Amino acid sequence: MKFLPLMQRFFYFGVVGAVGFLVDWASLSLFRHVVGLRAAALLAYVIASSNNWILNRYWTFRDCCRKRHKVHHQWGRFVLANLPGFSINRGIVLALFSLWPLTRHYTVIALLCGTAGGMFINFALCHHFVFHKKTPQS
């Protein structure tokens, strides 16, 4: 039962990720005809990522950081920690758009693959570097 709290946190992280996926898909669908498919994919990631940061801060990791971390410091750590996940996620999405024409019409396929690809590294980095408990200063 030692891993139960971590498993619960990962479950919450996954729920937030599912909501973020819907925000990502809606944003991509909304902006693709305005700025183009690839630019919309990048913009949608920023919007979904912002959504996920807020939900993770106030729900998934609510017990360890809200009052101890300055919002702008935590946001900066979140952006930096998510760069590897972003690279994997959007790398997969953009590669699929280029290599598999079906995904340009059914963008949900590419977004699901990208989300799955970046999920575990994002959780690990968020858990250890963004939403960690601060150690007391002496």
Side-chain angles (χ1 to χ4, degrees):
M1 290 307 174
K2 176 181 170 181
F3 294 105
L4 190 60
L6 184 62
M7 289 172 33
Q8 180 181 20
R9 198 171 301 251
F10 183 74
F11 174 77
Y12 289 172
F13 191 83
V15 171
V16 168
V19 172
F21 169 80
L22 294 174
V23 171
D24 194 12
W25 188 21
S27 301
L28 175 63
S29 299
L30 181 66
F31 292 114
R32 74 180 288 178
H33 299 293
V34 177
V35 298
L37 184 60
R38 286 167 179 75
L42 298 175
L43 178 60
Y45 184 89
V46 172
I47 293 167
S49 182
S50 298
N51 170 78
N52 288 4
W53 173 70
I54 291 167
L55 292 177
N56 278 316
R57 177 177 169 82
Y58 289 98
W59 187 48
T60 307
F61 298 98
R62 68 185 169 276
D63 61 318
C64 51
C65 63
R66 250 193 342 213
K67 294 182 176 119
R68 289 183 281 258
H69 295 282
K70 293 181 181 175
V71 172
H72 63 284
H73 289 163
Q74 188 180 63
W75 172 248
R77 281 195 314 274
F78 182 80
V79 170
L80 290 174
N82 280 283
L83 284 176
F86 165 79
S87 299
I88 293 167
N89 182 316
R90 289 303 121 144
I92 290 170
V93 168
L94 296 175
L96 286 173
F97 286 165
S98 295
L99 300 172
W100 193 14
L102 180 71
T103 62
R104 284 176 262 176
H105 183 67
Y106 298 103
T107 56
V108 67
I109 298 167
L111 293 175
L112 279 171
C113 293
T115 298
M119 181 177 171
F120 293 101
I121 191 154
N122 278 348
F123 176 74
L125 293 173
C126 282
H127 178 71
H128 291 292
F129 299 111
V130 179
F131 299 109
H132 62 284
K133 292 184 180 183
K134 274 186 164 181
T135 55
Q137 296 179 353
S138 32

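Since the model is a prediction, treat every value here as computed from it, not as a measurement.
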Verify, without hydrogens or angle tests, whether [X] (side chain) and [Y] (backbone) share a donor-acceptor contact under 3.5 angstrom.
X: Arg32; Y: Arg104; value: yes
X: Asn82; Y: Phe78; value: yes
X: Arg62; Y: Trp59; value: yes
X: Arg90; Y: Ala41; value: yes

Which atoms form the tightest heavy-atom contact between [X] and [Y], and what is the distance?
X: Ala44; Y: Ser27; value: CB-CB, 3.6 Å
X: Thr103; Y: Ala110; value: CB-CB, 4.0 Å
X: Leu96; Y: Cys113; value: CD1-CB, 3.7 Å
X: Asn52; Y: Gly17; value: ND2-CA, 4.2 Å
X: Val130; Y: Ala81; value: CG2-CB, 3.5 Å
X: Pro84; Y: Leu125; value: CG-CD1, 3.8 Å

In terms of hydrophobic clusters joined by side-chain contacts under 4.5 Å, are [X] and [Y] together?
X: Val79; Y: Val71; answer: yes
X: Val19; Y: Val16; answer: yes
X: Leu43; Y: Ile92; answer: no
X: Leu22; Y: Leu111; answer: yes
X: Val23; Y: Leu42; answer: no

Hey, could you give me the [atom1]/[atom2] distance between [X] and [Y], rounded to the nearest 0.5 Å?
X: Leu94; Y: Asn89; atom1: CG; atom2: CG; value: 9.0 Å
X: Asn122; Y: Ser49; atom1: CG; atom2: OG; value: 8.0 Å
X: Arg38; Y: Ser98; atom1: CZ; atom2: OG; value: 4.0 Å
X: Gln74; Y: Arg57; atom1: CD; atom2: CZ; value: 4.5 Å
X: Phe123; Y: Asn56; atom1: CZ; atom2: CG; value: 9.0 Å

Decide yes or no for [X] and [Y]: does some side-chain heavy atom of the first lie under 4.5 Å from some side-chain heavy atom of the second?
X: Val46; Y: Phe86; answer: no
X: Thr107; Y: Phe97; answer: yes
X: Phe131; Y: Trp53; answer: yes
X: Val93; Y: Tyr45; answer: no
X: Leu28; Y: Leu37; answer: yes
X: Phe61; Y: Phe13; answer: yes

### Query
Do Phe10 and Phe120 have ring centroids that are under 6.0 Å from one another?
yes

### Query
Around atom CH2 of Trp75, are there more than 12 heavy atoms of other residues, nucleotides or ligands at under 6.0 Å?
yes

### Message
One pair to check against side chain to side chain contact (heavy atoms under 4.5 Å, CB included): Trp25 and Ser29. What are the steps and the verdict?
### Response
CA-CA 6 Å; Trp25 188 21; Ser29 299; 3.7 Å; yes

